[in-house]
Amino acid sequence: MQAVRQCSACARHAAGGLVRNQDVSLLQKRGAACIRYLSTSENRKSGAQKPGDLTNPTHICLASLSVGHGLWQVEDLSHNSLIRRAASVLSDSSSTFLSQATLALTDALNDYAKAVHSRITFQKKYLASLGKMSPSEEESLRRAISGWRAEAAERLNECKHYESTWINAINLSKMSAEAAYSSGAHQASSLVQTNIQVAESQVEEARKLSAEADKKLAETKVEEIQRMAEYAAFLEGSEDHEVHEAYLRED
């Protein structure tokens, strides 16, 4: 009866408002007394205690008492509740993984597109200046083109690496969303699905930019072939003209 009175006192005290710091220890002692009383009372009713009864929720308590923000709170420690919490934690972790993988992939795709555009800029400048540059200027442009070509190749390798990681993150997020939904954590499942859609949209946009850069590079290569052919024909014609003039002078 004393434990029952303590339980009633605990409830009235908690309902009265915030628990003061000096009351926390007292309330914890009373809570422990309540649990011991309930366990002892149940054991007396059911007869001799069996070894498995020590872990039976019906003989101990269906909930644990804790002080959160100064108030008594009841925590559901059933298997379903613990699985639901674990699924929510898993969904949070998979969302973090997906966010980092998405950022890495989009950055790599954007850097690749920038490197390709820089190469195109110097390549067009080189083609436009054929026959008009000094040897040093021509060599400088060739080095710049070669440097940006190597930079683009390095960024492309990064894209392939991070895309593999991103695909794994997408698959993991989908599995965590399914696990959260099946365990009853519907809000966590919905949040993960939203994150997946956002990640796919961001990567798709970055892929479009890199694809446009590749398209312009292909067009520049065609232009380079045509311009070099024209320049070679021009040089050949100039040599023939010089040979003809030399022949006339000999005459």
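Everything numeric in this text was worked out from a predicted model, so none of it was measured.
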Between CZ on residue Phe122 and NE2 on residue His117, distance to nearest 0.5 Å = 14.5 Å

Answer whether the closest heavy-atom distance between the side chains of Lys221 and Ile225 falls below 4.5 Å.
-> no

Do Leu103 and Val198 share a hydrophobic cluster (ILVMFWY, side-chain heavy atoms under 4.5 Å, transitive)?
-> no

Does the pair Ile196 and Glu200 meet the rule for a side-chain contact (heavy atoms from CB on, under 4.5 Å), with working shown?
-> CA-CA 6 Å; Ile196 292 174; Glu200 290 177 338; 3.8 Å; yes

If we only count heavy atoms from C-beta on, is the Trp166 to Gln100 side-chain gap below 4.5 Å?
-> no

In the single-linkage hydrophobic clustering (I, L, V, M, F, W, Y; side-chain heavy atoms under 4.5 Å), do Leu109 and Leu98 co-cluster?
-> yes

For the residue pair Glu138 and Tyr126, what are the closest heavy atoms and their distance?
-> OE2-OH, 3.2 Å

Nearest heavy-atom neighbours spanning Gln202 and Thr106 = O-CG2, 3.8 Å

Okay, side chain of Ser190, backbone of Gln187: is any donor-acceptor separation there less than 3.5 Å?
-> no

CD/Glu204 to CG/Leu209 distance, rounded to the nearest 0.5 angstrom?
-> 10.5 Å

Polar side-chain atom of Ser94 near backbone of Ser173 as donor-acceptor pair, under 3.5 Å = no

Are the side chain of Ser140 and the backbone of Ser136 linked by a donor-acceptor contact shorter than 3.5 Å?
-> no

Group every Ile, Leu, Val, Met, Phe, Trp and Tyr by side-chain heavy-atom contacts under 4.5 Å, then state whether Leu217 and Leu156 land in the same group.
-> yes

Spacing of Ser182 atom OG and Ile83 atom CD1 [to the nearest 0.5 Å] | 9.0 Å

Test item: Met228 and Leu130 side chains (from C-beta on) under 4.5 Å apart, heavy atoms | yes

Salt-bridged, Glu137 to Lys125, with N to O below 4.0 Å?
-> no

Any idea which heavy atoms bring Ala179 and Ala87 closest together, and the distance?
-> O-CB, 4.1 Å

Joint hydrophobic cluster, Tyr231 plus Leu127, side-chain heavy atoms closer than 4.5 Å = yes

Electrostatic pair Arg227:Glu223 at N-O distance under 4.0 angstrom = no

Salt bridge or not for Glu219 and Lys216, using N-O below 4.0 Å?
-> no

Would you say Ser95's side chain and Ser91's backbone share a donor-acceptor pair under 3.5 angstrom?
-> yes

Ion pair present between Lys174 and Glu178, side-chain N to carboxylate O less than 4.0 angstrom?
-> no

Ser164 side chain to Lys160 main-chain N or O, any donor-acceptor pair under 3.5 Å?
-> no

Please name the pair of heavy atoms, one in Cys159 and one in Tyr112, separated by the smallest distance, quoted to 0.1 Å.
-> SG-CB, 4.0 Å

Taking all heavy atoms of Ile120 and all of Ala213, pick out the closest pair and write down the distance.
-> CD1-O, 3.9 Å

Out of curiosity, Leu90 CG to Leu172 CG, how far, rounded to the nearest 0.5 Å?
-> 6.5 Å

Test side-chain contact (heavy atoms from CB on, under 4.5 Å) applied to Arg84 and Ser81, step by step | CA-CA 5 Å; Arg84 187 163 53 250; Ser81 176; 3.9 Å; yes

If Ile, Leu, Val, Met, Phe, Trp and Tyr residues are connected whenever their side-chain heavy atoms lie under 4.5 Å apart, and connections chain through other members, are Val192 and Val203 in the same group?
-> yes

Does Ser93 reach the main-chain N or O of Val89 with its side chain, forming a donor-acceptor pair under 3.5 Å?
-> yes

Rounded to the nearest 0.5 Å, how far apart are OG of Ser129 and NZ of Lys124?
-> 13.5 Å

Taken to the nearest 0.5 Å, the spacing of Asn110 CG from Glu205 CD works out to 9.0 Å

Determine whether more than 12 heavy atoms belonging to other residues, nucleotides or ligands lie under 6.0 Å from atom CD of Glu139.
-> yes

Check Ile145 against Gln123 and note the closest heavy-atom contact, atom names and distance.
-> CD1-CA, 3.6 Å

Taking atom CZ of Phe97 as the centre, does the number of heavy atoms from other residues, nucleotides or ligands within less than 6.0 Å exceed 12?
-> yes

